[in-house]
A.B. asks: 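Following this message is one structure expressed as structure tokens.
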Amino acid sequence: QVQVVESGGGLVQAGGSLRLSCAASGSISSINAMGWYRQAPGKQRESVATITSGGSTNYADSVKGRFTISRDNAKNTVYLQMNILKSEDTGVYYCKAVLNYGLAGLVTYWGKGTLVTVSS
């Protein structure tokens, strides 16, 4: 079994910064990719930033230049540094980990989310 746990959410003023962490633990052989997704009330969950095992990153246009995703492979942890936060960044941020089990294929695990609230 694998657990994915987010942390670092909270209340921050517009223009401020916040750093989210996501740690994957359990039976981990290889992480294919990890990413951050967010969901605002009444809206669909959307991709915010992803990072592959090779280090390639992808960002939503709305956060490009403000957010940075990074990894600590030794800790099986991914981070999301969020700068110049805006009210529209408010939402529950979920961490996704895609694990490679070889012949068993890829398996996706989701965290339970951490709430980020940006005040105006």
A.B. asks: Is the charged tip of R38 near the ring of Y94: under 6.0 Å from the six-membered ring centre and within 45° of its axis?
C.D. replies: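 The answer is no; the distance or angle limit is not met.
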A.B. asks: When you look at S17 and Q81, which way does the side chain to side chain contact (heavy atoms under 4.5 Å, CB included) test go after all the steps?
C.D. replies: CA-CA 7 Å; S17 298; Q81 179 66 48; 4.0 Å; yes
A.B. asks: Where is the tightest heavy-atom contact between A60 and S47, given as atom of each residue plus distance?
C.D. replies: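 Result for this residue pair: CB-O, 3.5 Å.
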A.B. asks: Got a second to check how far N58's CG is from I51's CD1, nearest 0.5 Å?
C.D. replies: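 Here the rounded value is 11.0 Å.
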A.B. asks: Side chain to side chain contact (heavy atoms under 4.5 Å, CB included), that's the test. Do S29 and Y101 meet it? Break it down for me.
C.D. replies: CA-CA 7 Å; S29 58; Y101 290 98; 4.1 Å; yes
A.B. asks: Among L80, L115, L18, find the one that has a side-chain contact (heavy atoms from CB on, under 4.5 Å) with Y93.
C.D. replies: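 Answer to the side-chain contact (heavy atoms from CB on, under 4.5 Å) test with Y93 among L80, L115, L18: L80.
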A.B. asks: Would you find more than 12 non-hydrogen atoms of other residues, nucleotides or ligands less than 6.0 Å from Q39 atom CD?
C.D. replies: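 Enclosed: over 12 neighbouring heavy atoms sit under 6.0 Å from CD of Q39.
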A.B. asks: Which heavy atom in I31 sits nearest to a heavy atom in M34, and how many Å separate them?
C.D. replies: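 Minimum heavy-atom separation between I31 and M34: CG2-CG, 3.5 Å.
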A.B. asks: Are any side-chain N or O atoms of T90 and backbone N or O atoms of T117, one a donor and one an acceptor, separated by less than 3.5 Å?
C.D. replies: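 No; zero donor-acceptor contacts below 3.5 Å.
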A.B. asks: Are any side-chain N or O atoms of Y59 and backbone N or O atoms of I69, one a donor and one an acceptor, separated by less than 3.5 Å?
C.D. replies: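 Answer holds: yes.
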A.B. asks: Verify the cluster assignment for M82 and V92: are they in a single hydrophobic cluster under the rule of side-chain heavy atoms below 4.5 Å apart?
C.D. replies: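 Shared cluster, no.
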A.B. asks: Counting only heavy atoms not in Q3 (residues, nucleotides, ligands), do more than 12 fall under 6.0 Å from its CD?
C.D. replies: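 Not more than 12 within 6.0 Å, no.
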A.B. asks: Taking the side chain as every heavy atom from C-beta outward, state whether C22 and V5 have any atom pair closer than 4.5 Å.
C.D. replies: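 No, too far: nothing below the 4.5 Å cut-off.
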A.B. asks: Strictly under 6.0 Å, is that where the ring centroids of F67 and W36 end up?
C.D. replies: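 Ring-ring flag for F67/W36: false, centres at least 6.0 Å apart.
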A.B. asks: V116 and L20: side chain to side chain contact (heavy atoms under 4.5 Å, CB included), yes or no, with the steps?
C.D. replies: CA-CA 9 Å; V116 172; L20 305 183; 4.0 Å; yes
A.B. asks: Mark yes or no for whether S53, through its side chain, and A33, through its backbone, hold a donor-acceptor pair below 3.5 Å.
C.D. replies: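 No; judged by distance alone, with no hydrogens or angles, the pair does not exist.
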A.B. asks: Distance check, rounded to the nearest 0.5 Å: T77 atom OG1 versus R71 atom CZ?
C.D. replies: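 The distance works out to 11.5 Å.
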A.B. asks: Measuring from S7:OG to Y79:OH, what's the distance to the nearest 0.5 Å?
C.D. replies: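 The OH atom of Y79 is 9.0 Å from OG of S7, to the nearest 0.5 Å.
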A.B. asks: Are D89 and K86 close enough for a salt bridge, meaning some N to O gap below 4.0 Å?
C.D. replies: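 Judged by the 4.0 Å cut-off on N to carboxylate O distance, D89 and K86 do not form a salt bridge.
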A.B. asks: Rounded to the nearest 0.5 Å, what separates atom CG in L11 from atom CD in Q13?
C.D. replies: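 Going from CG on L11 over to CD on Q13, the span is 8.0 Å.
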A.B. asks: K96 and Y37: side-chain donor and acceptor closer than 3.5 Å?
C.D. replies: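 Yes.
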A.B. asks: The test is side chain to side chain contact (heavy atoms under 4.5 Å, CB included); show your working for L99 and V2 and say whether it passes.
C.D. replies: CA-CA 9 Å; L99 273 59; V2 173; 3.6 Å; yes
A.B. asks: So how far is it from K75 NZ to S25 OG, rounded to the nearest 0.5 Å?
C.D. replies: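 Output value for this atom pair is 14.0 Å.
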A.B. asks: Tell me whether I28 shares a hydrophobic cluster with V4, the cluster being built from Ile, Leu, Val, Met, Phe, Trp, Tyr side chains joined at under 4.5 Å.
C.D. replies: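 Yes, because I28 and V4 connect within a single hydrophobic cluster, where side-chain heavy atoms sit under 4.5 Å apart.
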